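Okay, structure first, notes after.
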Number of protein chains: 2
Amino acid sequence: MQTFQTEETRPFRELCADHGLTVTHQRQVLYEVMQTMPGHPSPEEVYARVKRRIPAISLATVYKNIHLFVERGVLKEVSMHHGSLRVELNSHLHHHMVCSHCKAITDLDEKDLGELPALQSLPGGFQAERYAIDVIGICAACQKAKRS
Amino acid sequence: MQTFQTEETRPFRELCADHGLTVTHQRQVLYEVMQTMPGHPSPEEVYARVKRRIPAISLATVYKNIHLFVERGVLKEVSMHHGSLRVELNSHLHHHMVCSHCKAITDLDEKDLGELPALQSLPGGFQAERYAIDVIGICAACQKAKRS
DNA sequence: ATAGCTGCAAATCGTTTGCGCCATG
DNA sequence: CATGGCGCAAACGATTTGCAGCTAT
């Protein structure tokens, strides 16, 4: 029987090893900070938080590592509808609701969507790995705002 | 019985009226040009084409009108995975396949996905209007490239 | 008439890059 | 000690803005 650990609880050194990344202080803090930011932060937002713990860190380093993390599958890139890159920890299966009015992004558990079609035999021999579903609509707050 | 016309065939003046837009020469050409660009063009690409018919047009005007069109539902904003805005005419129901390797985007007819869950009773009182589904995977070309 | 649109140029924003120094393996 | 990562500052591309003159309704 195999021990099961999520990426959140597994020690950071091990996670880096798994993804072929060198362990550095900056990366560790970056990762820890992202664990405390459950939303879909922009690089600037992550930078602001990390800076509280490593005041000398550079925005360029944050960008470089976010990209590295995305490439290696530690982070996932999220949705469009923003002028800037948004990321989230690559954890459990979920999708997003995007308000077409205020652009807010909310998580949507995959099971709230009901049964999804199987990913097979797509045109052009495309080999599918996963869905990224955005449900576009109006969030509750904007519905209220429009009524008034 | 009601006459059915797609947005592609309906005269431009009517389309503008429907969406509360003033009719201008620039907008008409912009729209016509987009009809001949079936992919997911960037503002620069649209600009280059429009410029052939209105040499004096400004890139700023293209941006302003693309945004206006998106706001009013004439155009749809497409996927991420690009460093720039991508749009397409808001015509028939389809989604996208995005190659995680080369970032190419291919259209995917909604019926190729099979039955989708109904959009109702989402958490937080979110009022859904439509899906935007990206199927992430590896395109045929990149599969070949990897094998070699 | 008048509100809205246009082109222009400058400004801004998010992101990337080159490079000399430093840390990790 | 050899790679690879870091911080800095400059560069860059994409997009936005302010404004003065023109256009559609």
Side-chain angles (χ1 to χ4, degrees), chain A residues 11-33 40-72 74-75 77-87 103, chain B residues 11-33 40-72 74-75 77-87 103:
Chain A
F12 184 69
R13 315 191 66 87
E14 208 173 315
L15 183 146
C16 282
D18 286 1
H19 292 87
L21 292 169
T22 311
V23 177
T24 70
H25 183 48
Q26 286 83 341
R27 280 177 195 167
Q28 171 135 27
V29 172
L30 189 51
Y31 183 74
E32 285 173 11
V33 159
H40 312 91
S42 66
E44 291 277 355
E45 285 161 354
V46 175
Y47 172 62
R49 290 274 204 116
V50 172
K51 202 160 187 167
R52 302 214 292 249
R53 288 178 54 188
I54 313 180
I57 201 173
S58 147
L59 179 57
T61 300
V62 172
Y63 270 102
K64 285 170 191 163
N65 283 315
I66 284 180
H67 281 133
L68 214 45
F69 281 171
V70 170
E71 261 174 42
R72 303 299 228 274
V74 178
L75 292 180
E77 197 175 342
V78 165
S79 208
M80 57 192 154
H81 304 291
H82 278 290
S84 77
L85 178 61
R86 298 300 166 113
V87 288
K103 311 295 185 199
Chain B
F12 184 70
R13 316 190 65 86
E14 207 173 314
L15 183 145
C16 282
D18 286 1
H19 292 87
L21 292 170
T22 310
V23 177
T24 71
H25 182 48
Q26 287 83 340
R27 278 176 196 168
Q28 171 135 29
V29 172
L30 190 51
Y31 183 75
E32 285 173 12
V33 159
H40 313 92
S42 66
E44 292 276 356
E45 284 161 355
V46 175
Y47 172 62
R49 290 274 203 115
V50 171
K51 201 158 187 166
R52 301 214 293 248
R53 288 177 54 189
I54 312 179
I57 201 172
S58 147
L59 179 56
T61 300
V62 172
Y63 269 102
K64 284 169 190 165
N65 283 316
I66 284 180
H67 281 133
L68 215 45
F69 281 173
V70 170
E71 260 174 43
R72 304 299 230 273
V74 177
L75 292 180
E77 196 176 343
V78 166
S79 209
M80 59 195 152
H81 303 292
H82 280 289
S84 74
L85 179 62
R86 298 300 164 114
V87 288
K103 311 294 183 199

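Because the structure is predicted, anything quoted here is derived from the model rather than measured. Within every chain, numbering begins at 1; the chains are lettered A, B, ... in the order of the sequence lines, protein sequences first and strands thereafter.
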Please give me the minimum heavy-atom distance between [X] and [Y], naming the atom from each residue.
{"X": "Val33(B)", "Y": "Val46(B)", "value": "CG1-O, 4.5 Å"}
{"X": "Arg86(B)", "Y": "Ser42(B)", "value": "NE-CB, 3.6 Å"}
{"X": "Val87(A)", "Y": "Glu77(A)", "value": "CG1-CA, 4.3 Å"}
{"X": "Phe12(A)", "Y": "Thr24(A)", "value": "CE2-O, 4.4 Å"}
{"X": "Cys16(B)", "Y": "Thr22(B)", "value": "SG-O, 4.3 Å"}
{"X": "Leu59(A)", "Y": "Tyr47(A)", "value": "N-CE1, 3.4 Å"}

query: Where does the angle between the aromatic ring planes of Phe69(A) and Tyr31(A) fall among parallel (under 30°), tilted (30 to 60°) and perpendicular (over 60°)?
result: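 The rings of Phe69(A) and Tyr31(A) stand perpendicular, inter-plane angle above 60°.
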
field: Sequence neighbours excluded, every pair satisfying salt bridge (charged side-chain N to carboxylate O under 4.0 Å, His left out) that has a member inside residues 53-70 of chain A
entry: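 Matches after skipping sequence neighbours: Glu32(A)-Arg53(A).
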
message: Generate the contact string for nucleotides 8-20 of chain D. Rules: B means base contact, S means sugar-phosphate contact only, - means no protein heavy atom under 4.0 Å.
response: B-----SBBBB--

field: Start and end of the DNA chain C segment that chain A contacts, any atom under 4.0 Å from a heavy atom
entry: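 The contacted stretch runs from dG14(C) to dG25(C).
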
- prompt: Out of Arg27(A), His25(A), Gln26(A), which residue meets the side chain to side chain contact (heavy atoms under 4.5 Å, CB included) rule with Val29(A)?
  reply: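 Of all the options given, the one that passes is His25(A).
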
task: Not counting sequence neighbours, which residues clear side chain to side chain donor-acceptor pair (under 3.5 Å) with Tyr63(B)? List them please.
output: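 Expected list: none.
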
- prompt: Between Arg13(B) (CZ) and dA24(D) (C1'), how many Å, whole number?
  reply: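 From Arg13(B) CZ to dA24(D) C1': 9 Å.
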
Lys51(A) NZ to dC6(D) C1', straight-line distance once rounded to whole Å: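 Going from NZ in Lys51(A) over to C1' in dC6(D) covers 14 Å.
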
message: Less than 4.5 Å apart, side chain to side chain, heavy atoms only: is that true for Leu75(A) and His67(A)?
response: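 When only atoms from C-beta onward are counted, His67(A) and Leu75(A) do not touch, as no gap falls below 4.5 Å.
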
- request: Compare all side-chain heavy atoms of Glu14(B) with those of Pro11(B) and state whether any distance is below 4.5 angstrom.
  value: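 Yes, side chains in contact.
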
- request: Please list residues of residues 23-30 of chain A whose heavy atoms come under 4.0 Å from any atom in DNA chain D, ordered by number; otherwise none.
  value: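 Only Thr24(A), Gln26(A), Arg27(A) qualify.
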
- request: Find the bend of the helix from dA1(C)-dT25(D) to dG25(C)-dC1(D) as the angle between its two terminal axes (five pairs each), to the nearest 10°.
  value: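 If I round to tens, the end axes sit 50° apart.
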
query: Where the side chain of Arg72(A) meets the backbone of His19(A), is there a donor-acceptor pair that is under 3.5 Å apart?
result: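 Checking the backbone N and O of His19(A) against the side chain of Arg72(A), a donor-acceptor pair under 3.5 Å is found.
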
